[in-house]
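See structure below.
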Amino acid sequence: MTARWAAPGRVNLIGEHVDYQDGLVLPFALPQHTTATVERQSGDQVRVRSRGEQEEFQVASTPGQVQGWAAYVAGVVWSLREEGADVPGLSIDVDSDVPVGAGLSSSAAIECAVAAAIGDELALQLSAASLATIARRAENSYVGVPTGSMDQMASMLCERGHALLLDCRDLSTRQVPFDLDAASLTLLVINTRAEHSLVGSEYADRRHDCEAAADELGLSSLRDAEQADLPRISDPVHRRRAQHVVSEIARVREVASILDAGRPADIGAQLSASHQSLRDDFEVSCDELDEAVDAALVAGALGARMTGGGFGGCAIALARDDEATDVRRRVDAAFDRRGWQPADIFEVSPNRGAHRLD
Ligand code: ADP
Ligand code: MG
């Protein structure tokens with residue numbers, strides 16, 4: 001038997017840098033996805049092929065034993081075994097059109113496609129949410145990247161025409177309608193292709209700032225903080241970080257309720273406010289992201305923001321269909337003027353999460 005599954009990358013519509021403070025996030029699945037084709041083979045080895053490369057490792061490998069891209073696959077096998085699964089020798093073929101390293105979660109896409117395909121091939125009867133947990137553990141404990149649960153939950157659970165409202169405190173989810181076509185809207189992903197160093201250390205600093213702010217308020221996380229609490233935070237930097245988290249969680253709620261009311265064209269102001277907050281209070285933007293957002297807004301976008309961790313990667317811009325071309329042109333022109341390599345700009349709409357391919 002062969003099992004073949006697709007799992008998408010994702011973009012976060014709003015709710016940035018709040019996952020590790022028990023916040024709310026609102027990602028949706030991209031049309032770009034990774035497929036994994038899994039077949040049993042004799043022996044106790046896993047052979048995996050992707051992008052013209054082939055790697056092989058022991059089914060019983062443990063964290064640290066497999067490095068490089070194959071660690072994402074070895075991590076899933078390890079994580080399934082941690083879950084109690086009896087994994088035999090396997091042959092796994094991976095294929096993907098998710099941009100790699102751009103903050104669109106090609107890592108969750110490969111983990112989720114592989115986890116779902118192996119789960120299916122071995123008839124493990126795992127729910128989509130448990131597959132997301134298994135995939136996340138692969139990334140956190142095997143690959144060694146300390147991410148939250150958004151990426152894998154989005155890749156497994158999203159539905160076409162919807163964004164996924166995920167509560168990072170208890171991992172509860174709700175599908176929120178986000179039908180761009182029906183509203184004659186275009187959502188552009190602007191991959192700046194910028195990569196700045198210090199991303200890891202800045203990320204750790206922000207987490208620390210937020211923890212310190214929550215501590216001072218006597219809270220386990222900033223999820224429970226309110227605007228009125230913020231003046232009690234003595235360190236001005238910690239106070240601004242908390243200001244971002246508290247206002248961002250409020251914006252997620254507001255966007256979800258506007259989308260529930262079927263008014264997707266009205267979320268623009270919240271998107272742009274999120275960008276300002278990430279730029280000024282949380283300080284995780286960069287020139288390329290700011291330029292992309294500013295150019296999009298000048299061109300008439302309804303709203304635009306950086307998305308993902310920051311310091312490079314992607315921005316998103318929401319525009320009426322008839323203004324999308326102008327947004328692209330303005331961003332291209334702005335990047336050209338600054339002498340930067342052109343941004344990769346493409347249209348996306350909310351797609352379905354992981355699913356079996358026949
Ligand atoms: P992002 O998730 O934003 O794309 P990450 O750094 O988290 O960026 O993950 C990218 C890494 O995931 C790649 O460097 C590679 O190791 C692995 N990866 C993602 N997709 C594939 C693929 N199709 N084949 C092999 N490795 C992949
Ligand atoms: Mg990733």
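All ligand and atom numbering here is 1-based and tracks the order in the structure.
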Original post:
Of all the heavy atoms in Thr34, does at least one lie under 4.0 Å from an atom in ligand 1?
Top reply: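 Heavy atoms of Thr34 never come under 4.0 Å of ligand 1.
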Original post:
So, is Ser107 placed with an N/O/S atom under 2.8 Å from the Mg ion (ligand 2), counting both backbone and side chain?
Top reply: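 For Ser107, the answer is yes, given that an N, O or S atom comes within less than 2.8 Å of the Mg ion (ligand 2).
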May I ask you to check whether [X] and [Y] show a side-chain donor-acceptor distance below 3.5 Å?
X      : Y      : value
Arg279 : Ser285 : no
Glu248 : Ser277 : no
His275 : Asp290 : yes

**OP:** Tell me which part of Asp151 gets within contact of ligand 1: side chain, backbone, both or neither, using heavy atoms under 4.0 Å.
**Re:**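 The answer is neither; Asp151 stays 4.0 Å or more away.
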Subject >> Structural part of Ser96 in contact with ligand 1, heavy atom criterion under 4.0 angstrom >> reply: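 For Ser96, the contact with ligand 1 is made by the side chain alone.
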Subject >> atom 7 (O) of ligand 1 - nearest protein heavy atom and its distance >> reply: Ser107 OG, 3.1 Å
**OP:** Any atoms of ligand 1 less than 4.0 Å from a non-hydrogen atom of Ile110? List them with their elements.
**Re:** 21 (C), 22 (C), 24 (N), 25 (C), 26 (N), 27 (C)
**OP:** Mark up the atoms of ligand 1 that fall under 4.0 Å of a heavy atom belonging to Gly103, in ascending order.
**Re:** 3 (O)
Subject >> Of the listed options Gly68, Gly308, Ser106, closest to atom 19 (C) of ligand 1 (non-hydrogen atoms) >> reply: Ser106
**OP:** Determine the minimum heavy-atom distance between Pro8 and Ala354, stating which atoms define it.
**Re:**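 Looking at all heavy atoms of both residues, the closest pair is CD-N, 3.7 Å.
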